[in-house]
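Counting starts at 1 for both ligands and their atoms, following the listed order.
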Amino acid sequence: MIMILIGPPGSGKGTQAQRLEQRLGAVHLSTGNLLRDEIAAKSSLGKTAETFMNSGQLVPDQIAVEVVAEHMKRGEPDTDYILDGFPRTTNQAEELDRILEERGLEVGTVVEIHTNDEVLMERLTGRFACANCGEGYHKSFKRPKSDGVCDKCGGVEFEVRSDDREETIRDRLGVYHSETAPILPYYAKKGLLVRVDGEKAMGDVTKEIETILIDGR
Ligand code: ADP
Ligand code: ZN
């Protein structure tokens, strides 16, 4: 099945997708992660993507569609996917339908993780990660057990994602409202959209999404 998680930056969709991947045996496909991999690999696609990402803008649709199509081409045709961060524009949603149609597939369920902007600002301005293993932390919600030392690997260096600065965060939220939220009606019309409350505790949100995916709507 093809599941889509849609939510603003900071709604927890990446974390939820990771958890669901383990529990449902589906493949978590995050365009943000794939693009960051391209940047790390210094590919030409990565170089183009980097300027957009660092300023909080979306990368051009063509680039996002290409990384998803490439990734799906490499997988088995019957793979279940959890899409995180894609589609992010109406054009991408239409392109996704085309990619899936070629493989005889269609979107199964779309979950919107709804969260208010003030809550998102608070969450996003405190995020940081271990520079060594990538484990994610937050200055108010999830500090390392021992200050300055990564719980997972013992690393002592931390980094803030380059697009997690306050001005950039505002831009990313603006982009979500203007570009991404308009695709919600696209899926609602098809009867595929379900909304969950992203302000609840992470574990409760996971349970709610699992119930939706396993028991149907
Ligand atoms: P978040 O949802 O917290 O913003 P992501 O890792 O999903 O984090 O995305 C980070 C950035 O990657 C976005 O701000 C955007 O620049 C780029 N990006 C990710 N997915 C897409 C996409 N489908 N279309 C265009 N740009 C994308
Ligand atoms: Zn670490």
Side-chain angles (χ1 to χ4, degrees), residues 4-18 28-40 45-72 81-96 99 112-115 117 119-121 123-138 142-183 198:
I4 300 176
L5 288 184
I6 298 182
S11 58
K13 64 182 158 34
T15 308
Q16 296 300 346
Q18 261 171 16
H28 171 201
L29 200 163
S30 153
T31 39
N33 289 348
L34 292 175
L35 291 168
R36 279 186 287 276
D37 291 345
E38 294 286 338
I39 293 174
L45 190 151
K47 280 183 191 137
T48 313
E50 192 170 19
T51 37
F52 292 98
M53 291 172 74
N54 284 345
S55 63
Q57 300 303 307
L58 296 182
V59 307
D61 285 338
Q62 200 194 333
I63 290 185
V65 170
E66 188 181 324
V67 294
V68 171
E70 277 303 311
H71 194 280
M72 284 192 166
Y81 285 101
I82 302 165
L83 300 183
D84 154 19
F86 185 89
R88 246 175 161 102
T89 63
T90 313
N91 181 26
Q92 289 180 18
E94 289 164 1
E95 286 295 323
L96 174 63
I99 295 171
E112 178 201 357
I113 307 183
H114 189 267
T115 317
D117 282 3
V119 175
L120 295 171
M121 277 311 285
R123 288 183 183 172
L124 287 165
T125 47
R127 294 209 294 207
F128 61 98
C130 171
N132 179 48
C133 75
E135 180 71 358
Y137 295 98
H138 192 282
K142 189 194 167 196
R143 303 185 68 92
K145 289 192 183 74
S146 158
D147 251 345
V149 184
C150 175
D151 297 345
K152 222 176 167 184
C153 78
V156 292
E157 274 178 50
F158 296 87
E159 61 196 6
V160 174
R161 231 171 72 178
S162 57
D163 57 355
D164 270 349
R165 281 171 311 219
E166 193 162 335
E167 334 68 91
T168 315
I169 290 167
R170 281 195 198 285
D171 291 342
R172 282 160 63 210
L173 288 179
V175 169
Y176 178 78
H177 291 298
S178 63
E179 309 270 338
T180 305
I183 69 181

Enumerated ligand 1 atoms positioned under 4.0 Å from heavy atoms of [X]:
X: Arg172; result: 1 (P), 3 (O), 4 (O)
X: Ala64; result: 22 (C), 23 (N), 24 (N)
X: Arg36; result: 6 (O), 10 (C)
X: Lys13; result: 1 (P), 2 (O), 7 (O)
X: Arg127; result: 3 (O)
X: Gln57; result: 15 (C), 16 (O)
X: Phe86; result: 23 (N)
X: Met53; result: 11 (C), 12 (O), 16 (O), 17 (C)

Please check: side-chain N/O of Ser30 versus main-chain N/O of Asn33, any donor-acceptor pairing under 3.5 Å? yes

Mark yes or no for whether Lys142, through its side chain, and Gly136, through its backbone, hold a donor-acceptor pair below 3.5 Å.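 Here the side-chain-to-backbone pair exists.
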
Measuring only between side-chain heavy atoms, which start at C-beta, is Asp117 closer than 4.5 Å to His177? yes

Is there a side-chain contact between Met121 and Glu166, using heavy atoms and a 4.5 Å cut-off?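 In contact.
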
Are any of the N/O atoms in Asp84 less than 3.5 Å from those in ligand 1? no

Phe52 N/O under 3.5 Å from ligand 1 N/O: no

Near the Zn ion (ligand 2), which protein N/O/S atoms are found at less than 2.8 Å? Cys130 SG, Cys133 SG, Cys150 SG, Cys153 SG

Answer yes or no for Arg123: is there a heavy-atom contact with ligand 1 below 4.0 Å? no

Protein heavy atom at shortest distance from atom 26 (N) of ligand 1: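 Closest protein heavy atom to atom 26 (N) of ligand 1: Val59 N, 3.0 Å.
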
Measure across Lys13 and Gly7 and return the closest heavy-atom pair with its distance rounded to 0.1 Å.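 Shortest heavy-atom contact: CE-O, 2.9 Å.
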
Less than 4.0 angstrom from a charged side-chain N to a carboxylate O is my criterion; do Asp164 and Arg172 meet it?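 Salt bridge between Asp164 and Arg172, a charged N being under 4.0 Å from a carboxylate O: yes.
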
